[in-house]
Number of protein chains: 2
Amino acid sequence: MPRNREQNELMRSQRTEQILAASLKLFARRGLSATKISDIAAETGMSQGLIYHYYSSKEEIYTEIIKDAFRRLNEAVTILKNIQLPPEEKIKKAFEGLLINLEKSDDSARYHYLVAQASVSDAIPEGAKKTIMENRDYPYQIMEEIIREGQEQGTIKKYDPNQMSVIFWTTIKGLAFHRAVLGNRFKAPSADILMEMFI
Amino acid sequence: MPRNREQNELMRSQRTEQILAASLKLFARRGLSATKISDIAAETGMSQGLIYHYYSSKEEIYTEIIKDAFRRLNEAVTILKNIQLPPEEKIKKAFEGLLINLEKSDDSARYHYLVAQASVSDAIPEGAKKTIMENRDYPYQIMEEIIREGQEQGTIKKYDPNQMSVIFWTTIKGLAFHRAVLGNRFKAPSADILMEMFI
DNA sequence: GTCTATATCCAGATAGAC
DNA sequence: GTCTATCTGGATATAGAC
């Protein structure tokens, strides 16, 4: 009994989802080059050959995941930028949202950590490198703008806004790290502690 | 003209130094498995064969570097533990010392970042894994003790000391990350911003 | 779409000359 | 101690059957 077009597309998207999810997990834990296609196959329960039916190389999978990571991050950052709240509350909301995600979602921490790793490494595919170059400054810029605005209004401490933005994001990356080490034993710290640096 | 024993030992230690330095740089940037022995050879200017004269495998080099990293870190932490200063000033000194090192020394950031990476990865040699397991809690414990003491004396803010210790170290790791990305364009933030969380 | 079998290539490690 | 040449294993990617 032949499948129709919708069924085929559904299957295809399910398969690619599985591959991407398994690969994210493995790449975050072992890195690109220590992750074997056979690992991805084992993790998804597919054969090695079948992986190649959907992606032409390990690098292509990796690049796809990096793009996904920035899609998610940029979306969240843009929402933050546009939301109607005073600057100091934006920062609080951002911390809280990020920390909650970090605590409850394995994948959230994995994305953060993978991007961090990929940003440092020069042993990554060209496509991934390009995506990183094009996107990496955006979150820092937006946070810096928010901080500047708050400082003008007198609600945010008057340290160098660029430094403060760097601290905001490196704190998150550091915690994502820690989460990656501890797995779901990780308990996110209170956002209040972090907010002491800003208000 | 034959060399005497001291000259041989000097040469040996110079060679191993070179290999370790080059490997630290490469491992931090690309990870263990993406770093080839031929890369290390090229970076040191030695032949591939010569590397094997000093180390029996890539894993052995890696394990050695991880041990070095903890030797240095533990030494610094122990000094901090024993130095005669009130708790809040210990924390300040610790931040300042770590930030200055991060800014001026490539290797300092590399060690931090490499340990972070190694702590997450399960694709590392057994020996390295063991070293990490045995040492990773020590810095967190000491910092937590210092914080507890300061809280009893009323000089440090009264958030959960365990969370505060985690934040202390993850902040450093996050900044080491950032340093690894930016290289020597990195400008360390003021320790005062970070101290806002503690005093 | 999916699997098994296989070709190819490349990195790790060794051998042996100097 | 150092180099070049080589062996070997394992991972990527392909081919072809079902």
Side-chain angles (χ1 to χ4, degrees), chain A residues 1-23 26-27 29-65 121-128, chain B residues 1-23 26-27 29-65 121-128:
Chain A
M1 169 164 93
R3 290 183 298 272
N4 62 28
R5 218 175 100 262
E6 289 94 63
Q7 282 172 321
N8 273 329
E9 281 176 10
L10 178 65
M11 174 162 279
R12 175 160 260 279
S13 79
Q14 280 175 342
R15 286 305 202 189
T16 53
E17 254 329 295
Q18 287 175 61
I19 293 170
L20 257 18
S23 302
L26 292 165
F27 287 150
R29 190 152 284 283
R30 313 155 95 90
L32 171 61
S33 102
T35 302
K36 290 170 283 187
I37 290 283
S38 61
D39 295 334
I40 299 173
E43 183 78 23
T44 55
M46 304 179 199
S47 71
Q48 215 165 314
L50 190 53
I51 307 289
Y52 285 99
H53 184 69
Y54 292 101
Y55 292 97
S56 68
S57 71
K58 206 168 65 161
E59 280 68 28
E60 190 184 332
I61 300 177
Y62 188 86
T63 304
E64 194 60 36
I65 292 176
S121 180
D122 53 7
I124 59 169
E126 270 311 310
Chain B
M1 172 164 90
R3 288 182 299 272
N4 63 27
R5 218 175 100 263
E6 288 96 62
Q7 282 172 321
N8 273 330
E9 280 176 11
L10 179 64
M11 175 164 278
R12 176 160 261 278
S13 79
Q14 280 174 343
R15 286 305 200 190
T16 53
E17 254 329 294
Q18 286 175 59
I19 292 171
L20 257 19
S23 302
L26 291 165
F27 287 150
R29 189 152 285 283
R30 315 154 93 92
L32 170 61
S33 103
T35 302
K36 290 170 282 188
I37 290 283
S38 61
D39 295 334
I40 299 172
E43 182 77 22
T44 55
M46 302 177 199
S47 72
Q48 214 165 315
L50 190 52
I51 307 289
Y52 285 99
H53 184 68
Y54 292 101
Y55 292 97
S56 69
S57 70
K58 205 169 66 164
E59 279 68 27
E60 192 185 330
I61 301 176
Y62 188 85
T63 305
E64 194 59 34
I65 292 176
S121 181
D122 52 9
I124 59 169
E126 270 312 310

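Below, chains carry the letters A, B, ... as their sequence lines are ordered, and counting in each starts from 1. What you see is a predicted model, and the numbers here were worked out from it, not measured in a lab.
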Which part of the nucleic acid, if any, lies within contact of Thr35(A), taking any heavy atom under 4.0 Å across all strands shown: a base, the sugar-phosphate backbone alone, or nothing? sugar-phosphate
Tell me what Tyr55(A) touches on the nucleic acid: a base, only sugar-phosphate, or nothing, going by heavy atoms under 4.0 Å. nothing
Upstream residue (5' side of DNA chain D) when Arg12(B) and Gly49(B) are each assigned their closest nucleotide: Arg12(B)
Option among Glu59(A), Glu60(A), Lys58(A) that satisfies the side-chain hydrogen bond (donor to acceptor under 3.5 Å, both in side chains) test with Ser56(A): Glu60(A)
Determine which pairs satisfy side-chain hydrogen bond (donor to acceptor under 3.5 Å, both in side chains) with at least one residue from residues 38-52 of chain B, sequence neighbours left out, and list them in order. Lys25(B)-Glu43(B)
Hey, does the side chain of His53(A) come within less than 4.0 Å of dT2(C)'s phosphate (OP1/OP2), counting only N and O? no
Would one find a side-chain N or O of Lys36(B) under 4.0 angstrom from OP1 or OP2 of dG12(C)? no
Minimum-distance nucleotide to [X] side chain [options: [options]]:
X: Met11(A); options: dA13(D), dT2(C), dG12(C); result: dT2(C)
X: Tyr54(A); options: dG1(D), dG1(C), dT12(D); result: dG1(C)
X: Met46(B); options: dT2(D), dT12(D), dC3(D); result: dC3(D)
X: Ile37(B); options: dT14(D), dG1(D), dG12(C); result: dG12(C)

Which atom pair, heavy atoms only, marks the closest approach of Leu20(B) to Ile65(B)? O-CD1, 3.7 Å
